[in-house]
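To start, the structure under review is shown below, and the notes come after it.
Residue numbering restarts at 1 for every chain, and letters A, B, ... go by the order of the sequence lines.
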There are 2 protein chains.
Amino acid sequence: MRIVAERAGVAVSSVSRVLSGHEDVSSVMRNRVLDAVAAIGYERDLLAQSLRTGATYSVGFVAIDVANPVIALNAAGAESLFRDAGYGLLISSSGGDPDLDLHYLRHFEQRRVDGMILSLAHENNPDTLALLRQLSTPLALIDRTLPREIPASAVLHDHATGIDAAVADLAGRGHTRFALVNGAPHVRPSKERARALRRAVRAAGGEPVTVKARAYSAEHGYTTTMSFLAARPRPTVLFVGGNQILAGALRALAEEGVRIPEDMEVVTFDKVALSDFLRPPLGFVTRDPRGAGRLAAELLLEQFDGAEPRTVTVPTAYEPAPR
Amino acid sequence: MRIVAERAGVAVSSVSRVLSGHEDVSSVMRNRVLDAVAAIGYERDLLAQSLRTGATYSVGFVAIDVANPVIALNAAGAESLFRDAGYGLLISSSGGDPDLDLHYLRHFEQRRVDGMILSLAHENNPDTLALLRQLSTPLALIDRTLPREIPASAVLHDHATGIDAAVADLAGRGHTRFALVNGAPHVRPSKERARALRRAVRAAGGEPVTVKARAYSAEHGYTTTMSFLAARPRPTVLFVGGNQILAGALRALAEEGVRIPEDMEVVTFDKVALSDFLRPPLGFVTRDPRGAGRLAAELLLEQFDGAEPRTVTVPTAYEPAPR
DNA sequence: GTCAGTTCTGGAATCGTATCCAGTCCGTCG
DNA sequence: CGACGGACTGGATACGATTCCAGAACTGAC
């Protein structure tokens with residue numbers, strides 16, 4: 001910048017004013033500076049800029065696993081918006097470990113990110129909450145809830161819509177015994193799914209729903225499905241809390257020779273690529289993860305512009321198994 | 001830092017020395033400073049540190065689409081290593097557009113990242129190459145090649161091993177007419193796959209292989225598969241260049257009522273989650289994307305430590321379709 | 001006791017930018 | 001004609017760290 005200033009024969013401060021689009025700059029000045037900039041091929045240093053202004057033009061995404069298709073789509077959706085706004089997106093994978101949640105929160109804080117998108121592994125972890133309470137960084141949650149005193153925007157999925165439709169379909173065809181292999185217990189999607197499913201089945205006159213929550217893992221899917229299959233009477237509808245779990249659940253069903261849909265119907269959460277070609281035929285409760293990511297980015301950008309945090313609810317839908 | 005210094009009754013420079021693990025620090029000094037740091041809960045500002053030292057502890061990942069399972073696994077693999085080393089990973093999605101490649105390269109350059117992982121959309125684009133030539137940032141490529149004068153580490157997949165095994169299996173069962181729905185033409189995987197498949201089929205005495213390269217998209221998969229199905233004589237083996245393409249290819253095969261494996265056998269590149277439960281039954285040429293990402297990160301960290309760029313080749317394998 | 005050599009410490013400069021403040025110049029109005 | 005306000009500009013300072021340099025204190029050797 002100093003070199004540009006010398007070449008243009010003006011002060012450094014004037015160069016800065018031109019480049020940051022300040023008001024009070026004569027057009028002569030502007031041209032001289034811009035010419036010098038073009039001649040040298042100068043670009044402002046984002047780092048120095050950040051140090052001075054406090055804005056880093058970067059956002060951190062705290063997630064359970066970026067390799068999970070749903071989260072990857074969240075990230076891609078957010079990224080597409082941030083790109084146009086000049087923001088960089090930093091990713092992370094906690095692997096479901098609340099300590100890593102904490103690690104990344106601190107890491108991003110230390111990086112002075114302008115905002116964070118949060119899909120925490122554990123939304124009730126006291127250490128995490130304590131840290132968040134003393135953080136002044138704008139936040140956007142994706143399907144998570146925090147205590148009211150922590151200000152944050154949120155994109156929430158209305159899991160009930162999809163689940164209600166699914167239960168209506170299945171109960172209408174005579175099913176009464178439902179089970180749910182749920183994901184990690186301390187996050188909103190699991191809580192909401194269990195709640196919504198229980199309510200819907202009760203409303204439809206079914207028997208109390210069996211729910212086992214543990215983790216978003218194939219192993220949990222396998223062992224828990226096995227235990228459901230061993231129960232007498234067996235449930236006739238199995239809800240599966242996501243892709244990772246589904247892999248294990250399908251393996252268990254195949255090993256036990258369960259015929260689908262004759263012996264049991266299976267509904268899973270989230271469609272991923274190629275879901276249409278999975279056998280056995282599955283029902284799906286779907287959402288729009290790319291859209292949710294984009295929305296979270298939008299809510300964050302809003303806050304950067306001074307808006308208050310707000311919550312947006314987006315729907316889920318039911319897609320019955322092909323017959 | 002000044003506050004810490006005052007509280008400890010020492011100079012700012014001494015605080016810095018203690019915190020950056022400098023040699024010449026007495027243990028008295030160290031303790032006084034560390035006590036003060038603990039008392040205040042002070043953390044160094046990474047931004048100011050970066051401005052002064054030139055190291056940002058961040059790495060940019062230029063990729064075609066972070067939502068693609070293979071690339072998401074690359075990212076996750078790299079991230080897990082970077083986490084321990086204290087680096088942050090910035091992501092991007094070019095969507096196959098070479099201009100966005102360029103955009104992100106510039107963006108990351110401006111961010112002064114310490115290194116970049118590159119899965120470019122187009123490895124021959126002159127503008128991209130020109131930029132890379134004048135860049136001094138350490139690079140690690142994932143299955144891409146650049147002109148020799150651009151120094152870069154690389155993780156290369158040996159596509160031939162998996163393809164050779166596949167062709168040996170299929171040719172051994174009498175197949176002679178092979179076709180390949182290939183991905184984007186200007187990147188190494190597509191080039192290598194076409195080359196390796198042609199060579200393997202020729203070696204096995206089959207007919208010349210038909211290859212159509214266009215993009216990593218379902219649409220390309222659909223239309224190109226349709227055109228292959230219309231050919232007379234039809235190929236009896238279809239190789240599919242990746243998940244996105246596969247979605248379109250399977251749709252085309254289903255619409256045309258092609259029986260698999262009776263009428264045609266299908267081999268696709270990369271197994272993704274739930275691949276085991278796809279119908280029709282598919283053969284796979286597999287690689288380890290998470291491992292590749294981790295390796296790329298390793299090669300980059302090596303360079304940060306002063307090592308020269310180097311190239312590592314990792315194998316692919318063949319998994320025949322279940323029968 | 002002196003001197004050289006270590007070991008440790010403090011002060012100042014620096015990284016590259018944004019912004020406050022003061023000052024110049026000019027036009028306008030009364 | 002003087003005062004005033006507005007439009008620009010330059011210089012200095014700050015953001016928060018690292019690092020160079022010089023000096024203080026101490027050690028050991030002669």
Side-chain angles (χ1 to χ4, degrees), chain A residues 1-37 40-58 86 88 106-114 136-137 304, chain B residues 1-37 40-58 86 88 106-114 136-137 304:
Chain A
M1 198 148 170
R2 215 190 48 228
I3 298 178
V4 172
E6 282 169 13
R7 187 176 176 113
V10 302
V12 176
S13 50
S14 296
V15 177
S16 172
R17 266 185 295 254
V18 170
L19 262 42
S20 50
H22 207 81
E23 290 291 295
D24 296 339
V25 181
S26 69
S27 56
V28 195
M29 168 73 77
R30 189 182 317 280
N31 290 335
R32 293 183 63 136
V33 168
L34 291 182
D35 286 352
V37 165
I40 300 185
Y42 161 83
E43 284 191 18
R44 272 186 298 179
D45 189 331
L46 195 51
L47 230 50
Q49 226 175 132
S50 299
L51 180 61
R52 184 59 233 253
T53 62
T56 57
Y57 284 88
S58 60
R106 272 201 264 265
H107 178 100
F108 291 147
E109 179 191 10
Q110 200 190 353
R111 276 208 132 71
R112 299 242 222 118
V113 296
D114 294 340
S136 58
T137 312
F304 298 164
Chain B
M1 197 147 169
R2 215 189 48 228
I3 298 177
V4 172
E6 281 169 13
R7 188 178 176 110
V10 302
V12 176
S13 49
S14 296
V15 177
S16 172
R17 265 184 297 253
V18 169
L19 263 42
S20 51
H22 207 81
E23 291 291 296
D24 298 337
V25 181
S26 70
S27 56
V28 196
M29 168 72 81
R30 188 182 318 279
N31 291 334
R32 294 183 61 135
V33 169
L34 291 182
D35 286 352
V37 165
I40 300 186
Y42 161 82
E43 284 192 17
R44 273 186 299 181
D45 187 327
L46 195 51
L47 230 50
Q49 224 174 135
S50 299
L51 179 61
R52 185 59 232 249
T53 62
T56 57
Y57 283 89
S58 60
R106 272 200 264 265
H107 178 100
F108 290 148
E109 180 191 10
Q110 200 190 353
R111 276 208 131 74
R112 300 241 223 118
V113 296
D114 293 341
S136 58
T137 313
F304 297 164

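Taking for each of A:Leu19 and B:Met29 the nucleotide of DNA chain C with the nearest heavy atom, the 5'-most of the two is the partner of B:Met29. Mapping A:Leu46 and B:Ala11 onto DNA chain C by nearest heavy atom places B:Ala11 at the nucleotide closer to the 5' end. For the pair B:Val15 and A:Arg30, nearest-nucleotide mapping onto DNA chain D gives the more 5' position to A:Arg30.
For the pair B:Leu47 CG and C:dT17 P, the computed distance is 13 Å after rounding to whole Å. One can place NE2 of B:His22 at 18 Å from P of D:dA17, the figure rounded to the nearest angstrom. Summarising the geometry, the separation between CE on A:Met1 and C1' on D:dG11 is reported as 14 Å, rounded to the nearest angstrom. Rounded to an integer number of Å, the gap from B:Tyr42 OH to D:dA17 C1' is 7 Å. If you take CZ of B:Arg17 and C1' of D:dT19, they are 8 Å apart, rounded to a whole angstrom. Following rounding to the nearest Å, B:Ile3 (CD1) and D:dA17 (C1') show an atom-to-atom distance of 14 Å.
For the segment residues 49-57 of chain B, residues with any heavy atom less than 4.0 angstrom from an atom of DNA chain C are, sorted by number, B:Leu51, B:Arg52.
Contacts of B:Arg2 with the nucleic acid, taken as non-hydrogen atoms under 4.0 Å apart, are absent. Residue B:Val25 is classed as a sugar-phosphate contact, given heavy-atom separations below 4.0 Å to backbone atoms only. Note on A:Ser26: only backbone sugar-phosphate atoms sit closer than 4.0 angstrom, heavy atoms only; bases stay farther off.
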